[in-house]
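Lettering follows sequence order; numbering is per chain, from 1.
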There are 2 protein chains.
Amino acid sequence: MTTNTNERPYTDVVDRLRAVGLRPTRQRMALAKLLFDSGDRHLTAEQLHDEAMAGGVRVSLATIYNALHQFTDAGLMCEVVVDSGRSYFDTNTSDHHHFYNETTGQLRDIPGDQISVTSLPEPPDGMSIDRVDVIVRVR
Amino acid sequence: MTTNTNERPYTDVVDRLRAVGLRPTRQRMALAKLLFDSGDRHLTAEQLHDEAMAGGVRVSLATIYNALHQFTDAGLMCEVVVDSGRSYFDTNTSDHHHFYNETTGQLRDIPGDQISVTSLPEPPDGMSIDRVDVIVRVR
DNA sequence: CAAACAGTTTAGAATATTTCTAATCTGTTG
DNA sequence: CAACAGATTAGAAATATTCTAAACTGTTTG
């Protein structure tokens, strides 16, 4: 009906996990499905946990954190820091930035080509630039 | 010798606090002195607490948090979010951005005129832009 | 296909940071 | 200088995240 989510239930996800060297376990597959099967998502560990529970998947919060970090380390997603005391994980790994609604806590993507940061100064010492985050705070 | 910090010990600080409607109490004066008497500073609550203790000023951590938030609300400093689970407070209130050393946790200013963010998309809904943070992560 | 092993998951404890609370204290005002 | 609003405090509480050690499970091997 809507997507092909139900036709090829886990094949994509299994491949995706294998491709980055992660064993496709029940929990990781369920989380990967929630995360990657419906477009770009911005979630906290807690929110993903709630979704998993609501979907009848029994996963501990510790496993959620493990999985989010493993996915992030593997380059399947990235972490966005906008609020101290809360981490957001973003399934969009392309070059892009964010709107952050300070009232509701909602994050929204800004495509990389819609913002340009020019004339960056040299990084200090022998340091090299890992990435540049632009956060547009709205309210 | 170095600065005039010792010549007019508390006058500046008292005025500064009064100007924003904060009662110049012992603790607030000591903290304001530490924060504003030596150029631009980037500190966590914990670091400021340690400095205060080292300088023989007895202040509780709760008071440090109170003061940092009051100073921030009053526009005397601003909060920089670069790392989830740790808040940095910055005494530089001019328009500027930051280098963040992901290895050491050190923050460094990038003057506002050295970076330009162009072609920002419209903020969603009836939202308005509060501020734009650029964080250049180095390692 | 079963045993064995490495990698995973788990609950709960531990840690870290920040906020809250209620009692005490202190600038300021009259 | 008394009175009061506002500030400070220690400790408890809240929140988010990480750690730990035991149980479990995918995968590989014989």
Side-chain angles (χ1 to χ4, degrees), chain A residues 10-11 13-34 42-50 52-53 56-74 76-77 79-89 105 107, chain B residues 10-11 13-34 42-53 56-74 76-89 105 107:
Chain A
Y10 282 95
T11 338
V13 147
V14 169
D15 292 348
R16 199 168 203 141
L17 293 176
R18 283 241 165 76
V20 297
L22 291 173
R23 224 154 70 169
T25 64
R26 244 189 282 304
Q27 293 83 342
R28 288 214 270 240
M29 288 190 290
L31 297 178
K33 245 173 108 52
L34 286 173
H42 302 100
L43 290 168
T44 63
E46 196 66 46
Q47 286 167 347
L48 182 56
H49 189 237
D50 290 349
M53 297 311 248
V57 183
R58 273 172 25 301
V59 209
S60 74
L61 199 49
T63 299
I64 302 270
Y65 277 104
N66 286 342
L68 287 172
H69 286 138
Q70 288 154 351
F71 293 173
T72 300
D73 292 347
L76 298 179
M77 52 195 314
E79 193 174 350
V80 185
V81 180
V82 284
D83 184 16
S84 83
R86 197 189 322 265
S87 268
Y88 286 82
F89 291 86
L107 267 182
Chain B
Y10 281 95
T11 338
V13 147
V14 169
D15 293 347
R16 198 168 204 141
L17 292 175
R18 283 242 165 77
V20 296
L22 291 174
R23 224 152 72 168
T25 63
R26 245 189 283 303
Q27 293 82 343
R28 287 213 272 239
M29 288 190 291
L31 297 178
K33 244 173 108 51
L34 286 173
H42 301 100
L43 289 169
T44 63
E46 197 66 47
Q47 286 166 347
L48 182 56
H49 188 237
D50 290 349
E51 273 196 20
M53 299 308 251
V57 183
R58 275 178 14 311
V59 210
S60 74
L61 199 50
T63 299
I64 302 270
Y65 276 104
N66 286 342
L68 286 173
H69 286 139
Q70 289 153 351
F71 293 173
T72 300
D73 292 346
L76 299 178
M77 52 194 316
C78 60
E79 194 175 348
V80 185
V81 181
V82 283
D83 184 17
S84 84
R86 196 189 324 262
S87 268
Y88 286 82
F89 291 86
L107 268 180

Cationic N near anionic O, under 4.0 Å, B/R86 to B/D83: yes

Stepwise side-chain contact (heavy atoms from CB on, under 4.5 Å) test for B/R23 and B/L17: CA-CA 7 Å; B/R23 224 152 72 168; B/L17 292 175; over 6 Å; no

Phosphate OP1/OP2 of D/dT17 contacted by A/H69 side-chain N/O (<4.0 Å): no

Any donor-acceptor pair under 3.5 Å from A/H69 side chain to A/Y65 backbone: yes

Rounded interatomic separation in angstrom, taking CD1 from B/I64 and P from D/dA7: 16 Å

Upstream residue (5' side of DNA chain C) when B/E46 and A/S60 are each assigned their closest nucleotide: A/S60

From C/dT28, C/dT10, D/dT17, nucleotide with atom closest to B/P24 side chain: C/dT28

Atom-to-atom span, CG of B/L61 to C1' of C/dT17 - whole angstrom: 9 Å

A/T25 vs C/dG7: side-chain N/O to OP1/OP2 distance below 4.0 Å: no

Sugar-phosphate, base or nothing in reach of A/S87, heavy atoms under 4.0 Å: sugar-phosphate

Atom-pair distance (CZ on A/R86; C1' on D/dA14), nearest Å: 13 Å

d(CG, B/L22; P, C/dT28) in whole Å: 12 Å

Spacing of A/R23 atom CZ relative to C/dG7 atom P, expressed in whole Å: 8 Å

Per A/A62 side chain, nearest of listed nucleotides C/dA11, D/dA16, D/dT8: C/dA11

Whole-Å gap separating C1' (C/dT18) and CG (A/D83): 12 Å

Closest nucleotide among C/dG7, D/dT9, D/dT18 to the B/N66 side chain: D/dT9

Between C/dA11 (P) and A/M53 (CE): distance, integer Å: 8 Å

Distance-only donor-acceptor check, side chains B/T72 and B/E79, under 3.5 Å: no

Modelled atom types, side-chain donor and acceptor of B/Q70 and B/R28, under 3.5 Å: yes

Phosphate contact (D/dG26 OP1 or OP2) by A/R26 side-chain N/O below 4.0 Å: yes

A/Y88 OH - D/dA16 P separation (whole Å): 10 Å

Listed nucleotide nearest any side-chain atom of B/Y65, set C/dT28, C/dT19, D/dT8: C/dT19

C/dT10 OP1/OP2 closer than 4.0 Å to side-chain N/O of A/Q27: yes

